[in-house]
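These notes concern the structure reproduced below.
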2 protein chains.
Amino acid sequence: MTPDTDFDLQSFLPYLLNRAAEETGLKFQKIYKDRYGMLRTEWRVLAHLGGYGTMTATEIGARAGVHKTKISRAVARLELLGFLARSGNQTDRRQEFLGLTKKGQAAYADLSLSAQRFNAELTRSLSEHDQAVLTRCLTSLAAG
Amino acid sequence: MTPDTDFDLQSFLPYLLNRAAEETGLKFQKIYKDRYGMLRTEWRVLAHLGGYGTMTATEIGARAGVHKTKISRAVARLELLGFLARSGNQTDRRQEFLGLTKKGQAAYADLSLSAQRFNAELTRSLSEHDQAVLTRCLTSLAAG
DNA sequence: TCGTAATAGTTGATTTTGTAACTAACAACA
DNA sequence: TGTTGTTAGTTACAAAATCAACTATTACGA
């Protein structure tokens with residue numbers, strides 16, 4: 001039985017993407033976990049609110065590509081930890097506007113700075129051109 | 001309070017990588033899940049054994065970047081489903097050589113072919129050059 | 001060769017995620 | 001109105017990942 005495919009796992013994009021994501025993600029996870037006890041989704045919610053301003057849970061989910069149950073739990077925990085505050089929407093009482101507290105803003109300022117440094121370190125060995133190609137390809141792949 | 005960082009989540013590599021990995025990974029997951037009832041780690045173990053031949057659990061873990069408890073459970077399940085067989089090592093009775101059964105080989109042949117097609121579809125919109133850059137960058141990032 | 005350390009792999013307890021069902025509020029339209 | 005459908009968000013339960021502890025075996029040094 002000869003192998004009729006010359007499949008190469010090392011060039012299979014989902015595999016490579018997953019490995020690269022895990023490798024880089026776990027390293028950065030240490031930062032927000034150690035400093036603020038945050039989980040990944042919590043950091044992601046914080047990053048969205050810090051970077052794009054107040055919005056609803058559904059909107060975060062849509063932008064971040066995260067399911068609403070995960071958002072719901074992350075929001076609850078961020079609120080519990082004092083990083084986030086909710087304010088009901090008068091015109092549509094189903095939804096709530098989510099915004100960072102002072103403490104949340106401070107955490108975002110700190111973590112986003114660390115993220116920048118972390119990213120700079122990651123891309124240090126890549127040429128400007130490669131960085132541009134990589135970001136473009138990833139953005140395209142992430143969009144589906 | 002002016003934001004003293006111009007951090008952009010959209011160019012933060014761990015975020016982009018994670019999104020691209022999820023997007024592509026979940027799509028391909030449907031294939032091995034629907035056809036063979038496999039989980040991601042199980043498909044990954046199958047892919048390693050199918051692509052590189054018989055090896056031990058630890059070796060798969062090291063190559064695939066997966067923790068041994070995940071490997072252990074994936075192997076147990078693949079064995080249960082009849083895709084994989086173990087054979088003890090005489091010279092070191094702690095370890096076992098893992099290999100695919102006929103059924104496992106057939107599943108690998110099928111899935112690796114689908115993976116190739118899936119990958120081709122993913123990269124269809126990318127130029128040859130971009131593909132090469134992407135793969136190179138991802139491999140470098142995955143290596144840590 | 002005895003005792004200690006290291007390695008292969010498994011198992012159990014805890015945490016986190018995923019799936020589905022649920023409540024509450026709004027929308028559309030007869 | 002009232003009935004049906006849709007959307008926002010939460011919760012309950014099942015599935016899976018993580019972490020630590022465990023057994024069995026081998027390696028190594030006094």
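Chain A is the first sequence line, chain B the second, and so forth, proteins listed ahead of strands; every chain is numbered from 1.
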Using links of under 4.5 Å between side-chain heavy atoms of ILVMFWY residues, direct or through other members, which residues join B:Val133 in one cluster?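 For the cluster that includes B:Val133, the remaining residues are A:Val133.
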
Which pairs with one or both residues in residues 118-144 of chain A pass ring-ring contact (aromatic ring centres under 6.0 Å, His included), sequence neighbours excluded?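 Every pair satisfying ring-ring contact (aromatic ring centres under 6.0 Å, His included) with a residue in residues 118-144 of chain A: A:Phe28-A:Phe118, A:His129-B:His129.
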
Does OP1 or OP2 of D:dG9 have a side-chain N or O of A:Ser72 closer than 4.0 Å?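 No, because none of the side-chain N or O atoms of A:Ser72 sits under 4.0 Å from OP1 or OP2 of D:dG9.
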
With a 4.0 Å cutoff (strictly under), does any side-chain N or O of A:Arg77 reach OP1 or OP2 of C:dT15?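 Result: no.
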
Take the protein atom [atom1] of [X] and the nucleotide atom [atom2] of [N], then report the distance between them rounded to whole Å.
| X | N | atom1 | atom2 | answer |
| --- | --- | --- | --- | --- |
| A:Trp43 | C:dT16 | CH2 | P | 19 Å |
| B:Gln95 | C:dA6 | CD | C1' | 14 Å |
| A:Met38 | C:dT16 | CE | P | 14 Å |
| A:Glu42 | C:dT15 | CD | P | 14 Å |
| B:Leu39 | C:dT19 | CG | P | 11 Å |
| B:Glu96 | C:dG9 | CD | C1' | 8 Å |

N/O donor-acceptor pairs under 3.5 Å from side chains in residues 91-99 of chain B, not counting sequence neighbours:
from    : atom 1 : to      : atom 2 : distance (Å)
B:Thr91 : OG1    : B:Asn89 : OD1    : 2.9
B:Asp92 : OD1    : B:Arg94 : N      : 3.0
B:Asp92 : OD1    : B:Arg94 : NE     : 3.1
B:Asp92 : OD2    : B:Arg94 : NH2    : 3.0
B:Glu96 : OE1    : B:Arg86 : NH1    : 3.2

Side-chain donor-acceptor distances from residues 35-44 of chain B under 3.5 Å, at least two apart:
from    : atom 1 : to       : atom 2 : distance (Å)
B:Arg35 : NH1    : B:Asp110 : OD1    : 3.2
B:Arg35 : NH1    : B:Asp110 : OD2    : 3.2
B:Arg35 : NH1    : B:Ser114 : OG     : 2.8
B:Arg35 : NH2    : B:Ser114 : OG     : 3.2
B:Tyr36 : OH     : B:Asp110 : OD2    : 2.5
B:Arg40 : NH1    : A:Asn18  : OD1    : 2.9
B:Glu42 : OE1    : B:Leu39  : N      : 3.0
B:Glu42 : OE1    : B:Arg77  : NH1    : 2.7
B:Glu42 : OE2    : B:Arg77  : NH1    : 3.2
B:Arg44 : NH1    : B:Ala64  : O      : 3.3

Common cluster, B:Leu17/A:Leu26, ILVMFWY with side-chain heavy-atom separation under 4.5 Å: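 Per the 4.5 Å side-chain linkage, B:Leu17 and A:Leu26 are not co-clustered.
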
Could you work out, with side chain to side chain donor-acceptor pair (under 3.5 Å) as the rule, every residue matching B:Arg63, not counting sequence neighbours?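 For B:Arg63 there are no side chain to side chain donor-acceptor pair (under 3.5 Å) partners, ignoring immediate neighbours.
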
A:Thr58: partners by side chain to side chain donor-acceptor pair (under 3.5 Å), with sequence neighbours left out: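 Checked A:Thr58 against side chain to side chain donor-acceptor pair (under 3.5 Å); zero matches.
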
Would you mind classifying the nucleic acid contact of B:Arg40 as base, sugar-phosphate or nothing, using non-hydrogen atoms under 4.0 angstrom?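 No contact.
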
Taking any heavy-atom pair under 4.0 Å as a contact, classify B:Ile71: base, sugar-phosphate, or nothing.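 No contact at all - B:Ile71 keeps every heavy atom at 4.0 Å or more from the nucleic acid.
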
Contact letters for nucleotides 18-29 of chain D, in which S counts primed atoms plus P, OP1 and OP2 and B counts the base, heavy atoms under 4.0 Å: BBB----BS---

Nucleic acid contacts - residues 49-60 of chain B versus DNA chain C, non-hydrogen atoms under 4.0 Å: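 The stretch gives B:Thr56, B:Ala57, B:Thr58 as the residues lying under 4.0 Å from the strand, ordered by number.
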
Output all residues satisfying salt bridge (charged side-chain N to carboxylate O under 4.0 Å, His left out) with A:Glu121, sequence neighbours left out; order by chain, then residue number.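 A:Arg124.
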
Rounded distance (nearest 0.5 Å) linking atom OH of B:Tyr15 with atom OG1 of A:Thr24: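 Reported to 0.5 Å precision, the distance equals 13.5 Å.
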
